[in-house]
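Numbers here are sequence positions counted from 1. Side chains are part of it too, since the values below use all heavy atoms of this structure and drop only hydrogens, waters and symmetry mates. Numbering of ligands and ligand atoms starts at 1, following listing order.
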Amino acid sequence: MECLGKKRKGVEILAECQIDFEEQTQLAILWSHLSLEDYSRRKRKCNEVVVSKIVNLGRSIVNGVATAPACGAASLELPGRGLKRKIGCIDVATRLGRKKKIDQQYELDKTIGKGKFGSVVLCRSKATGEEFACKILRKDKEIVHQEVEIMQHLSGHPGVVTLKAVYEDTESFHLVMELCSGGRLLDQMAREGIYSEQKAANIIKELMLAIRYCHEMGVVHRDIKPENILLTSSGQMKLADFGLAVRILDGQSLNGVVGSPAYVAPEVLVGNYSEKVDIWSAGVLLHALLVGVLPFQGDSLEAVFEAIKREKLDFNSGVWESVSQPARDLLSGMLTRSISARFTANEVLKHPWICFYTEPTLRTRTFEPKNHVRLTSRKLTCILRPESERKRLISCDTLSDVSCPTLASSSSTDIFDGEDGGLVDVLAVAISRVRISEPKRSRICSPSNAIQPECSSNLKTSNLCTAF
Ligand SMILES: Nc1ncnc2c1ncn2[C@@H]1O[C@H](COP(=O)(O)OP(=O)(O)OP(=O)(O)O)[C@@H](O)[C@H]1O
């Protein structure tokens, strides 16, 4: 928490490290994505040695503070919600792995990734020739044990990187995971620039299915960002990097100040938070997918945090005019500072914008001529009215029970007719009316100044496309 109280800007601290201006700028950008704890640790280090160049500028560095019950009897006695398996314990497959050495069964190959606590290498099964990714974690920190336990606990869901086996020696864990050879979502974002609403909705849906599963299993990821979303060779998304994940019991409040600053929820900065922090971070990602920039920016860590805590996002003008109202509605429900008003993962999944773009049957119906569904102004207005004047869009659950309280005195010719397809039709109209054409969108982010692939930490505000 030391950094929260700091009045001086990150660049001033960097200046004390006697490094040149260009390096200061680069480091300030990088530091904007360090955790608070990391920030203060690095600042301390700065007094001992002149900061050596941070080699891996692209890596978001995070640090963890365990706040959930430690592995052991207590967590087993109080299993919390949805704990379908034993938590905090390595299961049979892992114990088998522990008895053998990894090189008896796998050939370790080239390094394919580097993280804070170790590296990730390509590995190949000696028995089958199948390729995997092997994360090598040094065992000197408790948080590393926690990552292994949580991966073990979550492994098996299609949206989460599967842990195949764990090998352990005196110094490290070797986590053999399914190989995600499609790279990181971040790299795909760098290639693609701004996403169509349909693509963005599909990404958010896949991510939310994984987040909902984590939450049901009593785990908060705490570091949702495109660097931690990997893709398989077939393009399927996998949530990875549970290095900051923590278990949470029903009603429990977490208080470790961790995460990647651009994605961190405001309540993390003041302490006392819940799994809703993952929804906020996913909202930051959705913002970046739709308009190509991060919502909260600044030239120092403090400035970014100040923006996260106070900046009012305006989804009604500028680039947002090219985005449909339903998309904006969802985003404002994910990026609201009111934790109780913020959507749950389930609510995001049931949001009409997600349903519209990700449910093929609903979309097909939209374009079928239907003479029994009448589009009236009441229905359309309900969808298109600004957030301040109406309640949130209804969820797909309640398609047949739509109410639009601010228009209570509207015409008695109810337009919904109890038909699901009615609302979907209206969404189609709403979305098609406000969506900007692709050429116009791509002018905002032309390939020549596409976002940088290295990391999402680049917070330069001068260039919309490189801001990510
Ligand atoms: N299953 C996998 N398949 C392919 N590549 C992977 C896999 N897991 C990790 N990687 C690569 O290794 C990199 C680092 O992995 P990971 O993020 O899990 O490490 P970390 O130590 O937790 O990182 P961080 O410092 O960001 O917390 C990833 O960005 C990715 O490029």
Side-chain angles (χ1 to χ4, degrees), residues 30-35 37-39 41-42 54-66 106 108-125 130-152 154-166 172-190 210 221-246 256 258-264 281 452-457:
L30 172 66
W31 283 26
S32 295
H33 273 241
L34 302 183
S35 70
E37 193 189 352
D38 217 55
Y39 179 70
R41 186 172 57 75
R42 280 175 183 273
I54 296 180
V55 183
N56 207 354
L57 274 174
R59 308 281 312 142
S60 284
I61 298 176
V62 287
N63 208 342
V65 178
Y106 294 90
L108 300 185
D109 203 327
K110 62 180 181 189
T111 300
I112 53 173
K114 278 213 182 297
K116 186 169 172 57
F117 299 113
S119 52
V120 179
V121 300
L122 187 67
C123 77
R124 202 169 288 103
S125 161
E130 200 181 342
E131 287 187 326
F132 297 95
C134 176
K135 187 166 178 173
I136 304 164
L137 293 168
R138 294 185 304 275
K139 283 168 71 178
D140 49 0
K141 295 223 158 95
E142 170 58 25
I143 194 158
V144 162
H145 294 253
Q146 193 169 293
E147 179 173 357
V148 177
E149 290 159 10
I150 286 179
M151 277 202 80
Q152 180 74 33
L154 293 176
S155 194
H157 186 274
V160 172
V161 170
T162 304
L163 183 63
K164 298 281 180 190
V166 178
S172 50
F173 285 114
H174 286 78
L175 278 62
V176 179
M177 304 175 284
E178 70 177 303
L179 180 66
C180 298
S181 51
R184 304 173 304 174
L185 175 63
L186 178 70
D187 305 318
Q188 190 197 73
M189 289 167 77
H221 186 282
R222 300 201 298 185
D223 200 18
I224 300 291
K225 58 180 179 180
E227 290 92 325
N228 289 337
I229 298 167
L230 304 181
L231 303 164
T232 63
S233 53
S234 62
Q236 201 191 343
M237 266 175 45
K238 303 275 177 176
L239 187 54
D241 193 359
F242 289 85
L244 287 187
V246 70
V258 298
S260 298
Y263 294 86
V264 86
S281 306
Q452 299 300 309
E454 290 80 14
C455 76
S456 58
S457 313

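Nearest to atom 31 (O) of ligand 1 by heavy-atom distance, out of Met151, Lys164, Arg184, is Arg184. Atom 8 (N) of ligand 1 has its nearest heavy-atom neighbour, among Glu147, Met177, Glu131, in Met177. Closest heavy-atom approach to atom 10 (N) of ligand 1 within the set Val120, Leu137, Val144: this belongs to Val120.
Judged by a 6.0 Å distance limit and a 45° cone about the ring axis, Lys139 is positioned over the six-membered ring of Phe173.
Between Gln236 and Leu231 the shortest side-chain heavy-atom distance does not fall below 4.5 Å. Two residues are said to be in side-chain contact when any heavy atoms from C-beta on lie closer than 4.5 Å; Val258 and Asp223 fail this criterion.
At least one heavy atom of Lys114 sits less than 4.0 Å from an atom of ligand 1. Between Ala133 and ligand 1 there is a heavy-atom distance shorter than 4.0 Å.
For the side-chain hydrogen bond (donor to acceptor under 3.5 Å, both in side chains) test, no residue two or more places apart in sequence or in another chain qualifies with Ser233. Shown here are the salt bridge (Lys or Arg N to Asp or Glu O under 4.0 Å) partners of Glu131, two or more places apart in sequence or in another chain: Arg124.
Within ligand 1, the atoms closer than 4.0 Å to a non-hydrogen atom of Gly115 are 19 (O), 20 (P), 21 (O), 23 (O), 25 (O), numbered from 1 in the order shown. Numbered from 1 in the order shown, with element, the atoms of ligand 1 that lie under 4.0 Å from a heavy atom of Glu178 read 1 (N), 2 (C), 3 (N). With ligand atoms numbered from 1 in the order given, ligand 1 contributes 16 (P), 18 (O), 19 (O), 20 (P), 21 (O), 22 (O) to contacts under 4.0 Å with heavy atoms of Lys135.
Ile150 and Ala245 make their closest contact through CD1-O, 3.3 Å (heavy atoms, listed as atom of the first residue, atom of the second, distance). Closest approach of Thr232 to Lys238, counting heavy atoms only: CG2-CE, 3.6 Å.
Here's the thing with Asp223: none of its N/O atoms is less than 3.5 angstrom from an N/O atom of ligand 1.
Of all the heavy atoms of Leu230, the ones lying under 4.0 Å from any atom of ligand 1 belong exclusively to the side chain.
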